[in-house]
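Read through the structure below, which is laid out as structure tokens, and then see the notes.
Heavy-atom basis, side chains included; hydrogens, waters and symmetry copies ignored. Every chain is numbered from 1 and lettered A, B, ... according to where its sequence line falls, protein lines coming before strand lines.
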Protein chains: 2
Amino acid sequence: MGVVRSPDELCGLFRASGRKVTPQRRRIFELLEGNSSHPTADNIYLELVKDMPTVSLKTVYLTLKELEEMGEIQCLDLGMGSARFDPNVDLEHHHLVCVSCGQVRDFELSLSQDLKCQVPEAIFSVTKAEIVFRGTCIVCQRNGGVSAVGSRDKVRIS
Amino acid sequence: MGVVRSPDELCGLFRASGRKVTPQRRRIFELLEGNSSHPTADNIYLELVKDMPTVSLKTVYLTLKELEEMGEIQCLDLGMGSARFDPNVDLEHHHLVCVSCGQVRDFELSLSQDLKCQVPEAIFSVTKAEIVFRGTCIVCQRNGGVSAVGSRDKVRIS
DNA sequence: TTCCTATTTGACAATCATTTACATATAGAT
DNA sequence: ATCTATATGTAAATGATTGTCAAATAGGAA
């Protein structure tokens with residue numbers, strides 16, 4: 001299933017669904033490919049302007065929203081001020097959120113019990129079950145948890 | 001452990017930690033007691049103004065933040081535009097989020113495996129593991145999922 | 001290839017949640 | 001009752017995200 005698609009595949013999917021593929025969109029697809037840094041819309045925008053000085057943040061938001069609607073990326077709201085985007089749409093894939101530096105890491109975890117089945121259908125129909133692990137990453141533990149970066153600070157994509 | 005404290009207990013804890021107990025704070029404690037509606041700061045505020053016409057949203061935010069710092073309530077950011085506050089601080093307590101009406105429900109779940117132990121200490125030190133189940137509640141399923149309420153709409157506390 | 005039109009874009013303003021600034025009011029210890 | 005640190009309210013600032021709309025353009029049709 002739709003895990004990590006190439007820019008070309010995404011362009012095809014966009015056209016197939018009646019959308020147009022513009023240079024800015026293609027570039028966004030490229031910036032997302034294999035990106036495991038969980039960038040914010042602004043992180044993407046800052047990379048984008050390097051090549052396209054006139055792009056607007058709005059275009060980034062719009063393209064990301066469309067990708068999300070198509071199920072090609074997921075939008076994570078982890079309570080850090082701004083949404084993070086993740087091109088990894090794998091199931092059994094959860095997140096480690098460092099409350100010190102704000103970094104978000106993917107974490108593969110296949111539970112013996114299927115989480116969705118834990119909730120009675122008579123009560124609620126589960127579409128998606130996500131686990132958020134909050135704590136401190138090894139780097140911040142070494143730095144005594146004092147690693148400056150506030151939750152609202154920009155995290156440049158590597 | 002600190003699960004569901006009475007307004008009086010909270011007043012005591014506030015004084016004990018050098019904070020002052022004002023009428024508006026006491027009222028906020030009352031509004032939170034036994035409240036399982038997962039109100040936003042604004043929901044609380046709207047109830048509060050009924051008794052105290054001059055109270056400000058800022059006071060609500062501040063008091064809620066202090067309660068959170070004291071570990072007496074938890075702040076949930078579920079990606080619905082505004083944070084939800086939950087006086088239930090029970091461990092093994094997760095959330096069902098209806099993507100149709102925006103309602104948030106508590107869900108007790110004791111997994112046979114301890115979630116925290118799933119993450120290697122060498123990688124990340126977990127403080128808290130929370131599961132968010134997204135899907136549709138029974139009510140919205142009956143209404144054909146068309147139950148109007150947008151994610152940013154206000155949800156009055158019952 | 002050129003044309004045509006629905007879709008995108010970008011500049012800008014608007015909105016929403018949350019925080020800051022600061023002068024005034026007040027809880028609660030003495 | 002006094003005094004001072006803390007809390008309050010007004011009003012304005014901030015940051016993320018969305019709406020408006022005229023101008024630009026992708027890409028199918030001719």
Side-chain angles (χ1 to χ4, degrees), chain A residues 10-29 38-46 48-49 51-70 75-85 102 149-155, chain B residues 10-29 38-46 48-49 51-70 75-85 102 149-155:
Chain A
L10 291 177
C11 289
L13 287 170
F14 257 55
R15 291 202 188 89
S17 63
R19 284 172 244 254
K20 292 180 178 178
V21 176
T22 62
Q24 30 279 71
R25 285 183 168 182
R26 175 178 286 277
R27 194 72 235 291
I28 290 173
F29 300 162
H38 301 82
T40 62
D42 197 63
N43 293 155
I44 298 284
Y45 170 74
L46 291 175
L48 202 53
V49 267
D51 304 318
M52 310 179 152
T54 69
V55 261
S56 71
L57 235 188
K58 193 201 166 189
T59 298
V60 175
Y61 272 109
L62 212 145
T63 303
L64 291 173
K65 179 188 273 184
E66 301 205 70
L67 282 169
E68 193 202 356
E69 283 168 1
M70 295 168 66
C75 175
L76 305 172
D77 205 314
L78 301 165
M80 330 198 59
S82 41
R84 304 302 197 93
F85 296 87
V149 188
S151 62
R152 292 201 112 89
D153 290 348
K154 310 296 182 190
V155 178
Chain B
L10 290 176
C11 289
L13 287 170
F14 256 57
R15 293 202 186 86
S17 62
R19 284 172 244 253
K20 293 179 179 179
V21 176
T22 62
Q24 30 277 74
R25 284 183 170 182
R26 175 179 287 277
R27 195 70 236 289
I28 291 173
F29 299 162
H38 303 82
T40 62
D42 197 63
N43 292 155
I44 298 283
Y45 170 74
L46 290 175
L48 203 52
V49 267
D51 305 318
M52 310 179 154
T54 67
V55 86
S56 73
L57 235 188
K58 192 218 166 173
T59 299
V60 176
Y61 274 110
L62 210 144
T63 303
L64 291 173
K65 179 189 274 185
E66 302 206 68
L67 282 169
E68 192 202 357
E69 283 168 1
M70 295 166 69
C75 174
L76 305 172
D77 204 315
L78 300 165
M80 330 198 58
S82 41
R84 304 303 197 91
F85 295 87
V149 186
S151 61
R152 291 201 114 89
D153 291 347
K154 309 295 182 188
V155 179

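Closest heavy-atom contact between B:G102 and B:M80: CA-CE, 3.6 Å. For B:V60 against B:I28, the heavy-atom pair with the smallest separation is CA-CD1, 4.0 Å.
The side chain of A:T22 approaches D:dA26 more closely than any other nucleotide in the set C:dG10, D:dA7, D:dA26. Nearest nucleotide to the side chain of A:S56, out of C:dG10, D:dT17, C:dT8: C:dG10. Of the candidates C:dT18, D:dT8, D:dA26, the closest approach to any side-chain atom of B:Q24 belongs to D:dT8. Which of D:dA16, C:dT18, C:dG10 sits closest to the side chain of B:S82 comes down to C:dT18. Here the side chain of B:T54 is nearest to one of D:dT8, C:dG10, D:dG9, namely D:dG9. Of the candidates D:dG9, D:dT17, C:dG28, the closest approach to any side-chain atom of A:Y61 belongs to D:dT17.
Put simply, CG on B:L48 is 13 Å from C1' on D:dG9, counting in whole angstrom units. One atom, CZ of A:R15, and another, C1' of C:dA6, lie 16 Å apart when rounded to the nearest Å. Whole-Å rounding puts the B:M52 CE to D:dG9 P distance at 8 Å. In this entry the distance linking CG of A:L62 with C1' of C:dA11 reads 15 Å, nearest Å. Across the protein-nucleic acid pair, A:L64 atom CG and C:dT8 atom P stand 14 Å apart, rounded to whole Å. Nucleotide D:dA16 holds its P atom 13 Å from the OH atom of A:Y45, rounded to whole Å. Here the C1' atom of nucleotide D:dT17 and the CD atom of A:E68 are 13 Å apart, to the nearest Å. As rounded to whole Å, 15 Å separates atom C1' of C:dA14 from atom CG of A:L57.
B:R26 is listed as a side-chain neighbour of B:C11, based on a closest heavy-atom distance under 4.5 Å.
Remark on DNA chain C: of its neighbouring residues B:K20 and A:G18, the 5'-side contact belongs to A:G18, judged by nearest-heavy-atom nucleotide. Where B:K58 and B:V21 meet DNA chain C, the nucleotide closest to each residue was compared, and B:K58 sits on the side nearer the 5' end.
In this structure, B:E66 CD and B:R19 CZ are separated by 4.5 Å, a value rounded to the nearest 0.5 Å. The distance from the OH atom of B:Y45 to the CG atom of B:L64 is 14.0 Å, given to the nearest 0.5 Å.
For B:R19, no side-chain nitrogen or oxygen approaches OP1 or OP2 of D:dA7 to under 4.0 Å.
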